[in-house]
Amino acid sequence: MHDKEIQYFTKALQQARDEFYLDAIGEFRKLIEEFPSSELADDAIYNIGLCYFHMNQFDKAIEHYQIVIDEHPDATISVLEGGNEFGKTAAKCHYAILNCHLGLGDIESARLQIGHLESFDSDSYVVVDGKNTSFKELALLALTTYDSSLSS
């Protein structure tokens with residue numbers, strides 16, 4: 001991996017953390033354009049989707065998550081700064097798509113993502129309070145939370 005790839009990626013992550021989403025998208029795109037074969041390319045595309053998600057542009061977010069799933073199906077989540085997510089980037093994308101559908105109020109499309117997460121159940125997860133929690137478990141929790149918010 002080149003230093004410049006890491007610089008683009010970490011700068012874009014910081015911009016996203018600071019809620020400069022359009023700037024972050026531009027920086028992630030630079031990485032993808034200059035280093036299309038980078039092991040960070042799938043993570044950059046995912047993070048572009050995440051920026052769109054934070055701007056409530058759920059359809060654009062889904063589009064980017066689907067690119068990762070289609071074009072980088074075996075890519076793994078890069079851990080640069082002591083991250084707490086591990087496994088396949090595609091699993092994280094299916095979970096993110098579920099959340100986009102919930103944001104759009106489309107519970108049926110959200111539920112369809114659970115089936116996609118079945119194959120990632122044990123190898124893709126987030127460490128929460130010292131415990132490995134699969135993206136499928138997080139997705140089921142999100143659906144339960146969404147359903148209970150409708151009941152209230």
Side-chain angles (χ1 to χ4, degrees), residues 1 5-6 8-81 83-128 132-147 149:
M1 196 174 329
E5 292 170 73
I6 296 170
Y8 283 149
F9 194 76
T10 54
K11 180 179 180 184
L13 284 178
Q14 187 57 54
Q15 289 170 326
R17 281 187 198 112
D18 292 340
E19 299 181 10
F20 294 113
Y21 299 120
L22 294 175
D23 294 330
I25 289 169
E27 206 66 26
F28 285 126
R29 285 195 172 132
K30 275 192 219 176
L31 184 153
I32 296 163
E33 288 168 11
E34 287 187 39
F35 304 98
S37 300
S38 170
E39 66 182 67
L40 292 174
D42 62 297
D43 297 288
I45 298 166
Y46 168 83
N47 280 293
I48 290 172
L50 188 59
C51 288
Y52 283 122
F53 178 84
H54 286 296
M55 293 187 296
N56 295 325
Q57 294 184 30
F58 302 120
D59 290 326
K60 282 187 176 184
I62 291 169
E63 179 183 317
H64 284 83
Y65 298 140
Q66 196 62 52
I67 290 169
V68 175
I69 293 165
D70 294 342
E71 296 180 11
H72 304 275
D74 298 319
T76 56
I77 299 166
S78 292
V79 182
L80 285 181
E81 296 179 16
N84 66 337
E85 300 171 332
F86 302 91
K88 301 286 185 187
T89 311
K92 187 163 85 162
C93 287
H94 283 295
Y95 172 61
I97 290 171
L98 176 139
N99 282 302
C100 288
H101 286 304
L102 292 179
L104 291 166
D106 185 355
I107 188 88
E108 292 309 313
S109 294
R111 283 193 175 110
L112 291 175
Q113 295 305 311
I114 299 297
H116 295 295
L117 287 165
E118 296 285 339
S119 63
F120 301 103
D121 207 25
S122 62
D123 70 346
S124 300
Y125 57 91
V126 178
V127 178
V128 180
N132 295 356
T133 305
S134 73
F135 286 103
K136 179 185 170 193
E137 290 173 283
L138 292 171
L140 291 169
L141 178 62
L143 283 170
T144 302
T145 302
Y146 183 86
D147 281 341
S149 73

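One-based numbering along the sequence shown.
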Kindly compute the distance separating [atom1] ([X]) from [atom2] ([Y]), expressed to the nearest 0.5 Å.
X      : Y      : atom1 : atom2 : value
Glu71  : Asp42  : CD    : CG    : 11.0 Å
Leu13  : Ile6   : CG    : CD1   : 11.5 Å
Tyr146 : His101 : OH    : NE2   : 12.0 Å
Cys51  : Lys60  : SG    : NZ    : 12.0 Å
Ile25  : Ile45  : CD1   : CD1   : 13.0 Å
Asp123 : Phe135 : CG    : CZ    : 10.0 Å

For [X] and [Y], work out which heavy atoms get closest and say how close.
X      : Y      : value
Ala41  : Pro36  : CB-O, 3.8 Å
Leu102 : Ala142 : CD1-O, 3.9 Å
Ser78  : Glu39  : OG-O, 3.5 Å
Ala110 : Leu98  : O-CD1, 3.2 Å
Ala24  : Ala16  : CB-N, 3.7 Å
Ile77  : Asp43  : CA-OD1, 3.7 Å

Pair Phe28 + Tyr8: ring centers closer than 6.0 Å:
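So the answer is no for these two rings.
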Quick check: do [X] and [Y] have side-chain heavy atoms less than 4.5 Å from each other?
X      : Y      : value
Ile107 : Asp147 : yes
Gln66  : Ile69  : yes
Phe58  : Phe53  : yes
Asn132 : Phe86  : no

Taking side-chain hydrogen bond (donor to acceptor under 3.5 Å, both in side chains) as the definition, give me every residue that meets it alongside Asp18, ordered by chain and number, with sequence neighbours left out.
Gln14
For Lys30, which residues count as a salt bridge (charged side-chain N to carboxylate O under 4.0 Å, His left out) partner, sequence neighbours excluded?
Glu27
Could you walk me through whether Leu104 and Asp59 pass side-chain contact (heavy atoms from CB on, under 4.5 Å), step by step?
CA-CA 9 Å; Leu104 291 166; Asp59 290 326; 3.6 Å; yes
Counting distance only, does the side-chain N/O of Tyr125 pair as donor-acceptor with the main-chain N or O of Phe120 below 3.5 Å?
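Answer holds: no.
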Before giving the answer on side-chain contact (heavy atoms from CB on, under 4.5 Å), spell out for Ile48 and Ile67 the whole-Å C-alpha distance, their side-chain angles and the decisive distance to 0.1 Å.
CA-CA 11 Å; Ile48 290 172; Ile67 290 169; over 6 Å; no
Going by an N to O cut-off under 4.0 Å, is there a salt bridge joining Glu108 and Arg111?
yes
Evaluate side-chain contact (heavy atoms from CB on, under 4.5 Å) for Tyr65 paired with Leu50, printing each intermediate quantity in order.
CA-CA 9 Å; Tyr65 298 140; Leu50 188 59; 3.9 Å; yes
